Amino acid sequence: IHFYKRLCVGKMIHSLFIVNQSGDIFLEKHWKSVVSRSIVDYFFDAQNKAESPVDIPPVISTPHHYLIPVYRNSLYFVSVCMTEVPPLFVVEFLHRVVDTFEDYFNECTESSIKENYVVVYELLDEMLDNGFPLATEANILKELIKPPNILRTVVNSVTGKSNVSETLPTGQLSNIPWRRAGVKYTNNEAYFDVIEEVDAIIDKQGATVSAEIHGYVDCSVKLTGMPDLTMSFVNPRLFDDVSFHPCVRFKRWESDRILSFVPPDGNFRLLSYHIGSGSVVAIPVYVRHNLTWLQGGTSGKLDITVGPKQTMGRNVEQVKLEIPMPKSVLNCTLTSNQGKYSFDPVSKLLVWEVGKIDLTKLPNIRGNVNLTSGSSPASTNPTINVYFTITQLAVSGLKVNRLDMYGEKYKPFKGVKYITKAGRFQVRM
């Protein structure tokens with residue numbers, strides 16, 4: 001460990017600032033010396049130049065620091081590093097921080113963080129030691145720091161005690177640090193959600209420019225004792241790239257393409273995977289669109305229809321289209337046969353919330369787009385951002401073959417659910 005720390009000297013997270021949508025820094029944490037808040041001005045400069053949060057550079061270089069921001073739940077988590085550091089190391093840690101907050105407080109929002117300032121600082125102290133990740137597993141953290149509840153908060157405020165445990169977690173010293181000892185449940189159950197997000201760019205003619213799938217298997221495992229699970233897939237060769245939870249035995253995966261693991265207790269992400277352009281990615285929805293500007297340039301006609309495509313007969317739900325209109329647009333007067341639309345005259349964002357696609361009458365929106373007086377239409381048409389959810393379908397065709405348990409004698413209840421969602425799904429007009 002000392003040798004590793006000498007190798008990585010200076011390669012650590014120095015400070016963390018959490019910024020809300022209004023640009024207010026409402027929480028800061030320093031693991032070494034205090035870094036001035038003014039360092040975040042470099043992040044604000046990059047934010048102002050970006051069209052959307054996802055366009056902010058992943059690493060922002062300053063004369064003496066590197067800023068690595070992550071955007072989650074309408075909040076920016078901006079980390080400060082003093083020297084060059086592997087950026088993905090920091091990005092992964094920041095996402096783990098957000099996941100931990102969600103696990104503790106059921107949500108990670110500005111209000112939930114402010115209501116639990118004490119627990120937040122205790123968690124950050126345990127998760128990072130001198131700038132290096134230490135305890136990031138939910139099971140370990142919950143034994144170290146008890147999740148907040150009303151009774152514990154009242155008792156702590158009266159007695160002056162903290163949520164931090166006085167004893168070391170049982171898993172911390174074992175070779176399975178992600179699972180605590182002596183787990184007991186009346187009902188033994190294991191649920192697995194196979195979730196796939198489709199990232200795609202569709203051109204004006206409806207042809208696919210690029211398409212890939214980012215998938216993950218989220219688990220909720222409540223099993224007594226120390227179960228040993230194996231999971232096999234019908235078609236594991238689909239995966240282009242796979243990232244595992246530390247509980248997975250990698251050698252078994254390499255040799256047999258079988259996931260063998262002792263699961264953490266509770267909720268966790270078993271694996272993340274990527275299916276790239278080498279495979280043919282099915283596009284589950286199509287968008288027919290037409291935006292034409294009338295002669296004279298004071299207004300235009302918009303007509304959009306959305307429908308299902310390659311969904312294996314499953315319903316397409318939670319459909320939403322977002323169109324960032326040109327700055328010259330004054331307002332939109334539209335009529336939709338399904339759902340409702342809104343247009344923000346400040347941000348110029350047109351949002352059409354369709355909901356569930358009705359196959360008997362495909363959703364359509366049409367009408368006029370009016371320009372401000374004296375302005376001319378933009379040289380290029382905007383891009384449509386599409387959002388949707390399809391339950392009981394993994395669009396890649398991935399399927400869990402079987403799930404077996406060893407090491408315990410009881411028979412657990414097991415369930416697998418498949419969900420396909422839109423990631424960055426864009427249609428060019």
Side-chain angles (χ1 to χ4, degrees), residues 21 46-58 71 74 196-214 276-277 281-294 297 299-310 316 318-334 336 338-355 357 362-372 375-390 395 420-429:
Q21 288 279 64
Q47 183 188 21
N48 291 334
K49 291 174 187 172
E51 287 187 10
S52 69
V54 293
D55 295 323
I56 296 172
Y71 181 71
S74 303
E196 296 190 337
E197 295 183 356
V198 183
D199 290 357
I201 298 174
I202 312 296
D203 68 12
K204 290 180 182 180
Q205 286 73 39
T208 304
V209 177
S210 69
E212 57 186 28
I213 294 169
H214 295 279
S277 50
V281 176
I283 303 298
V285 298
Y286 69 85
V287 179
R288 285 202 299 265
H289 50 81
N290 187 29
L291 176 60
T292 52
W293 301 104
L294 303 179
S299 66
K301 293 279 186 187
L302 177 67
D303 190 334
I304 297 175
T305 303
V306 59
K309 173 183 171 187
Q310 297 175 305
V316 184
Q318 297 174 30
V319 177
K320 182 171 81 168
L321 276 65
E322 288 185 357
I323 308 172
M325 285 295 192
K327 298 296 181 195
S328 56
V329 171
L330 177 65
N331 58 36
C332 299
T333 311
L334 305 170
S336 64
Q338 189 178 331
K340 57 183 180 179
Y341 82 92
S342 63
F343 177 73
D344 186 338
V346 178
S347 65
K348 309 295 183 185
L349 184 67
L350 173 64
V351 179
W352 179 27
E353 297 195 19
V354 180
I357 290 182
L362 291 178
N364 173 267
I365 190 167
R366 62 179 66 184
N368 295 324
V369 178
N370 302 310
L371 301 177
T372 52
S375 63
S376 57
S379 55
T380 57
N381 281 342
T383 300
I384 305 171
N385 296 309
V386 185
Y387 303 90
F388 57 83
T389 301
I390 307 169
V395 76
T420 294
K421 300 196 295 191
R424 293 190 73 180
F425 195 102
Q426 297 183 332
V427 180
R428 294 171 178 167
M429 291 179 74

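Computed from heavy atoms alone, side chains included, the values below leave out hydrogens, waters and symmetry copies. Values in this document were obtained by computation on a predicted structure and should not be read as measured data.
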(message) Are Tyr286 and Val386 packed together at the side-chain level, in the sense that at least one heavy-atom pair is separated by less than 4.5 angstrom?
(response) no
(request) Evaluate the criterion side-chain contact (heavy atoms from CB on, under 4.5 Å) for residue pair Asn385 and Ile323; output intermediate values, then yes/no. (result) CA-CA 6 Å; Asn385 296 309; Ile323 308 172; over 6 Å; no
(request) Report yes if some heavy atom in the side chain of Leu362 is under 4.5 Å from a heavy atom in the side chain of Pro308; otherwise report no. (result) yes
(message) Would you say that Asn364 contacts Ile304 through its side chain, given a criterion of any heavy-atom pair below 4.5 Å between the two side chains?
(response) no
(message) Would you say CD of Gln21 has more than 12 non-hydrogen atoms from neighbouring residues, nucleotides or ligands within 6.0 angstrom?
(response) yes
(request) Give me the one residue out of Val395, Thr389, Val316, Ile213 that meets side-chain contact (heavy atoms from CB on, under 4.5 Å) with Thr420. (result) Val395
(message) Is it the case that the side chain of Glu197 and the backbone of His214 share a donor-acceptor pair, with hydrogens and angles ignored and the cut-off at 3.5 Å?
(response) no
(message) Check whether Tyr341 reaches the backbone of Ser336 with its side chain - one donor and one acceptor, N or O, closer than 3.5 Å.
(response) no
(message) If you define the side chain from C-beta out and look only at heavy atoms, does anything of Trp352 sit under 4.5 Å from Lys340?
(response) no
(message) Taking the side chain as everything from C-beta on, heavy atoms only, tell me whether Lys301 gets closer than 4.5 Å to Asn290.
(response) no
(message) Can you see whether Asn370 engages Asn331 through a side-chain donor-acceptor pair at a distance of less than 3.5 angstrom?
(response) yes
(request) Taking the side chain as every heavy atom from C-beta outward, state whether Leu321 and Ile365 have any pair of such atoms under 4.5 Å apart. (result) no
(request) Answer yes or no: is there a donor N or O on one side and an acceptor on the other, between the side chain of Thr372 and the main chain of Ser328, under 3.5 Å? (result) yes
(request) Would you check if the side chain of Asn368 reaches a backbone N or O of Thr333 as a donor-acceptor pair within less than 3.5 Å? (result) no
(request) Assess whether atom NZ of Lys309 is packed by more than 12 heavy atoms of other residues, nucleotides or ligands within 6.0 Å. (result) yes
(request) Decide yes or no for Asn381 and His289: does some side-chain heavy atom of the first lie under 4.5 Å from some side-chain heavy atom of the second? (result) no
(request) State, yes or no, whether a side-chain contact exists between Thr383 and Val427 at a heavy-atom distance under 4.5 Å. (result) no
